[in-house]
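Working notes for the structure below.
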Amino acid sequence: MSGQRVWRCGRYELVLDVPLVMGIVNVTPDSFSDGGEHFEPHDAVTHALSLIDEGASIIDVGGESTRPGSEEVASAEELARVRPVVARLAEEPIPVSIDTRHPDVARAALEVGASIINDVSGFRDPQMVNVAAESDAGVVVMHMLGDPRTMQEAPHYRDVVAEVAEFLVLGATVLEAAGVAHDRIALDPGIGFGKTLEHNVTLLNALPEFVKLGYCVVVGASRKRFIGALTDAEDPRQRRGGSVAAAVWAAQRGADVVRAHDVADTVQALQVTAALQG
Ligand code: PMM
């Protein structure tokens, strides 16, 4: 059909006419939201398969915690965590995304079947741009201020929406200049990555500004600290209601893909919202 918006990710063409849910599988001992729950490859795969059953359209596999204050993990360790999981999930009929800042990890994940590179450092590393350009994978360019070790130390912006948008457009421009087609690129404002509560709220309100940039838009608010700050839910696992609300809010303001831990609840909430809109 002509005129349909799509996000091209390797052998997949995701049609963006309804919001899609990207299910999160962190193969880490220490992610802030679900650390250690799925650290063994077998457990991670079992969890991912249940997220697919619940209606996830994409599975995002990460092997390095990027929670505030975390140290970088060596690529070899990260790869050992994610490779078996990506390889197994690539047999399923939905795209697998590799959540990494490391070009060698991204390359190896693509080799075993990943279809999307989700780079929380926003393709600042030219080697990461090369990996994307040499593949046909989809890419997520996410905004982060600095790096996870220091990003929450008094983040400051003159105009958070303008600066985040400028960073994302620059990243997309560099990728396109290297040969990555426009419809392979998704942009993500990076909720919680070097942002105060006010910054996060401002960005979630300004999503239509990001939609106007003309790329697929991804939003990850699930279980994040700002939800705890708004609700006093200290334990990330207690932030389901807030996470679903944020996902619906984001989708209502034009997000094409929402990244979520609680996939069944998120899919159901989006279905009902869509039905009510007619
Ligand atoms: N958040 C986290 C990790 N990866 N990727 C994208 N594209 N967007 C996000 O908001 C994002 C991400 C951190 O959250 P987690 O520890 O729950 O995975």
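Whatever order the structure lists them in is the order used to number ligands and atoms, beginning at 1. Throughout, residue positions are numbered sequentially from 1 according to the sequence presented.
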Checklist entry - Can a non-hydrogen atom of Arg259 be found less than 4.0 Å from any atom of ligand 1? => result yes
Item to check | Minimum heavy-atom distance His102-Val73, with the two atoms named | outcome: CE1-O, 3.5 Å
Checklist entry - Is any side-chain heavy atom of Asp188 closer than 4.5 Å to a side-chain heavy atom of His143? => result no
Checklist entry - What are the atoms of ligand 1, with element, lying closer than 4.0 Å to any heavy atom of His261? => result 17 (O)
Item to check | Atoms in ligand 1 flagged as close to Asn118, the criterion being non-hydrogen separation under 4.0 Å | outcome: 5 (N), 6 (C), 7 (N)
Next on the checklist: Between Asp99 and Arg259 (salt bridge meaning N to carboxylate O under 4.0 Å), is one present in this structure?
Outcome noted: yes
Checklist entry - Side-chain contact, heavy-atom cut-off 4.5 Å: Val15 with Trp7? => result no
Item to check | Interatomic spacing from CE in Met144 to OG in Ser121 - rounded to 0.5 Å | outcome: 5.0 Å
Checklist entry - Against heavy atoms of Gly220, which atoms of ligand 1 measure under 4.0 Å? => result 10 (O)
Checklist outcome for this item: Judged by heavy atoms only, the candidate from Arg223, Arg225, Met142, Lys224 nearest atom 10 (O) of ligand 1 is Lys224
Checklist entry - Counting only heavy atoms not in His182, do more than 12 fall under 6.0 Å of its NE2? => result yes
Item to check | Distance filter under 4.0 Å to Asn26 heavy atoms, resulting ligand 1 atoms | outcome: 15 (P), 16 (O), 17 (O), 18 (O)
Next on the checklist: Is there a side-chain contact between Leu197 and Leu230 in this structure, where contact means two heavy atoms from C-beta onward sitting under 4.5 Å apart?
Outcome noted: yes
Checklist entry - Which atoms of ligand 1 sit under 4.0 Å from any heavy atom of Val120? => result 4 (N), 5 (N), 12 (C)
Checklist entry - With a 4.0 Å cut-off on heavy atoms, does Met22 reach ligand 1? => result no
Checklist entry - Which of the atoms of ligand 1 are close to Val140, meaning less than 4.0 Å from one of its heavy atoms? => result 7 (N)
